[in-house]
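Order of the sequence lines sets the chain letters (A, B, ...), proteins ahead of strands, with each chain counted from 1.
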Amino acid sequence: MSLHLFNTLTGTKEEFVPAEPGFVRMYVCGPTTYNYIHLGNARPLVVFDALRRYLEYRGYEVLYVQNFTDIDDKIIQRAREEGLPAQDVAARYIREFFLDADALNVRRASLYPRVSRHIGDIIRAVDDLIRRGYAYVTEGDVYFSVEKFPPYGKLSRRRPEEMMAGARVEVGEDKRNPLDFALWKKARPGEPAWDSPWGPGRPGWHIECSTMALKYLGPSFDIHGGGADLIFPHHENEIAQAEALTGRPFARFWLHNGFITVNKEKMSKSKDNFFLLREVLRRFRPQAVRLYLLGTHYRSPLDFADEYLEEAERAYERLANARAALDEALAAAGGREGGDTGNPEGAEATSAALELTERVRSLRSKIEGALDDDFNTAQALGVLYELVRELNTFVNRGEKGPGTAEALAEAASVLDELGEGVLGLFSGGKQEEDGGLVAGLVELILSLRQDARRRKDWATADYLRDRLKELGIILEDTPHGVRWRLRRG
RNA sequence: GGCGCGGUGGCGAAGGGGCUAACGCCGCGGUCUGCAAAACCGCUAUCCGCCGGUUCAAAUCCGGCCCGCGCCUCCA
């Protein structure tokens, strides 16, 4: 099966084939940088990061562009409150954005264009739209004229007449039509402004994405993503602007993620129900947060509650335990290359080893099948757990015969390439900041405990284990020695 | 009002005309272990919001109803 994705534009799952063979161009709307990002902002971040990773796994080269809206009414307001220049506020939250994204193991996009650095491009685009008759100037403002673009509404499936009948659209004093939207906003006193043919002002919200996407990805590119709340008006407007400019279809696939909800209600900044990502990351491991975000299909709503993250923590431990056991078994079997310890030249692999290898291969293709079906990460995770179960069974039996290392390596490659490479579940998070002091001390205590155990001094051994547990250090005695880990990141 | 999405075990969540209704968490019983933990095995929905219909066959398709949510205004 080949990759199929649900395209909001057509309302169906379609086979995904990039316009240029082997090369995918994708654009995802980034944050307006006036605050730390919240969990709702983190969903598209992780979902599209994982999709990008999967495209690369499938052998595509991906040009991934994510913008920063660093000029905006809210930034200006925030700057006023703090008595700082708007650009300083925006720059600060861009830095903070990267701290959050890195902590979540989100890979960097190829490019992060900022509105403030594309004012010239935007002015040219606006000017072009006016020349082509799609936009008009009022006193210092420029508006896009929706009625000049007949396909308007094709993405959100609504007809302009009906929207106007809704009548709740505010009629700006100088808009000709309530649905028209600003391409250029005249500056009021004290606001940051750039010179333009229409006087000092700043770009409207929607034009930046059209302009920057066209600039870096060309007139027609493969994937445009974002939250479902951007379908209207933001993405609808992007299409109108871009297609009015180029006369060519803008993005071919429109992908939209569902919302994070709290008690089933949308998490948003206007309601008081949002949780900052960094607050969540203070309490839960980044791997657990990713597991939580990818455990539900990306188009479905996803409810937030502590207990769901706690559940993800435990599920993550299952994966991490399997990964650790696998590494130990692999080391014991002579390493990934097959080693020369347990696998003499020409020896027939044991049937258990052959069976595991075969199962792992089959499960890998099941995972690929799930991801190929509209990027169903929830289903893919289900298969990953099946793989973990079979792997644990094999490792528990302490298999040692010929072919064991190869079989284990096969499993490791799936965990590496899909679990970590695509879903990003195993690495990431804060680095040890103590220079290995904790690890050193734990190892020291463990060696004392091992001495006690050799003497069958169970009281001392158990005492050490209990005290370490109180400190959040979990011990497990395994056939290969003691394994320890920290509870929670 | 217009447009749209969803209701699956104690919880989360896949599936979406015919296979035992995945998987995770929790709970219970067992195996292993010095003990513990981890892991593994077993049990936990005769049933998929309700009522009709189509069909040899429906949780999956169609209609109606009930409930929850979203977009239509800044929002990922």
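- The aromatic rings of F250(A) and H224(A) lie tilted to each other, with the angle between the two planes from 30° to 60°.
- Where E265(A) and H297(A) each meet RNA chain B at their nearest nucleotide, the meeting point lying more 5' is that of H297(A).
- For E307(A), taking side-chain heavy atoms from C-beta onward, the closest of the listed nucleotides rA39(B), rC72(B), rC11(B) is rC11(B).
- Taking only side-chain nitrogens and oxygens, R453(A) never comes nearer than 4.0 Å to OP1 or OP2 of rU33(B).
- Between the side-chain ring of F259(A) and the base of rG70(B), no stacking contact exists by the 5.5 Å and 30° definition.
- Between K269(A) and rA76(B) there is a side-chain N or O to OP1 or OP2 distance below 4.0 Å.
- Remark: L448(A) pairs with no residue by the side-chain contact (heavy atoms from CB on, under 4.5 Å) rule, at least two apart or across chains.
- Counting heavy-atom neighbours within 6.0 Å of R108(A) CZ, excluding the residue itself, gives a total above 12.
- Looking only at atom types and distance, the side chain of T33(A) has no donor-acceptor partner in the side chain of D70(A) under 3.5 Å away.
- E399(A) and T404(A) share no donor-acceptor pair across their side chains, judged by distance under 3.5 Å alone.
- Contact annotation for N257(A): base contact, defined as any heavy-atom pair under 4.0 Å involving a base atom.
- Mapping T296(A) and E311(A) onto RNA chain B via the closest heavy atom, the residue that lands nearer the 5' end is T296(A).
- Counting only heavy atoms from C-beta outward, the side chains of N273(A) and K266(A) never approach each other to under 4.5 Å.
- Taking 4.0 angstrom as the limit, N376(A) places a side-chain polar atom (N or O) nearer than this to OP1 or OP2 of rG15(B).
- Residues from residues 443-450 of chain A with heavy atoms under 4.0 angstrom of RNA chain B, sorted by number: R449(A).
- Residue contacts shown for K74(A) include a base, since a base heavy atom lies under 4.0 Å away.
- When the P atom of rC11(B) is taken as reference, atom CD of E313(A) falls 23 Å away, rounded to whole Å.
- Shown for residues 359-374 of chain A: no residue has heavy atoms falling under 4.0 angstrom of RNA chain B.
- Atom CG of N392(A) is separated from atom CZ of R397(A) by 11.5 Å, given to the nearest 0.5 angstrom.
- As judged by a 4.0 angstrom heavy-atom cut-off over every strand, L45(A) is placed among residues making no nucleic acid contact.
- For E386(A), whose side chain is taken as the heavy atoms from C-beta onward, the closest listed nucleotide among rA22(B), rG34(B), rA14(B) is rA22(B).
- Applying the salt bridge (Lys or Arg N to Asp or Glu O under 4.0 Å) rule to D180(A) yields no partners; only residues at least two apart in sequence or on another chain are considered.
- Remark: R158(A) qualifies as a cation-pi partner of F232(A) under the 6.0 Å distance and 45° angle criteria applied to the six-membered ring.
- Proximity of residues 387-397 of chain A to RNA chain B (heavy atom under 4.0 angstrom from any strand atom) is restricted to R389(A), N392(A), T393(A), N396(A).
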Open item on the list: Once pairs are restricted to Watson-Crick or G-U wobble with both distances under 3.5 Å, how does RNA chain B read as a dot-bracket string, [ ] for crossings and | for other-strand pairs?
Closed with: ((((((((.[[[..)..(....]]].(((((.......))))).....[[[[[..)....]]]]])))))))....
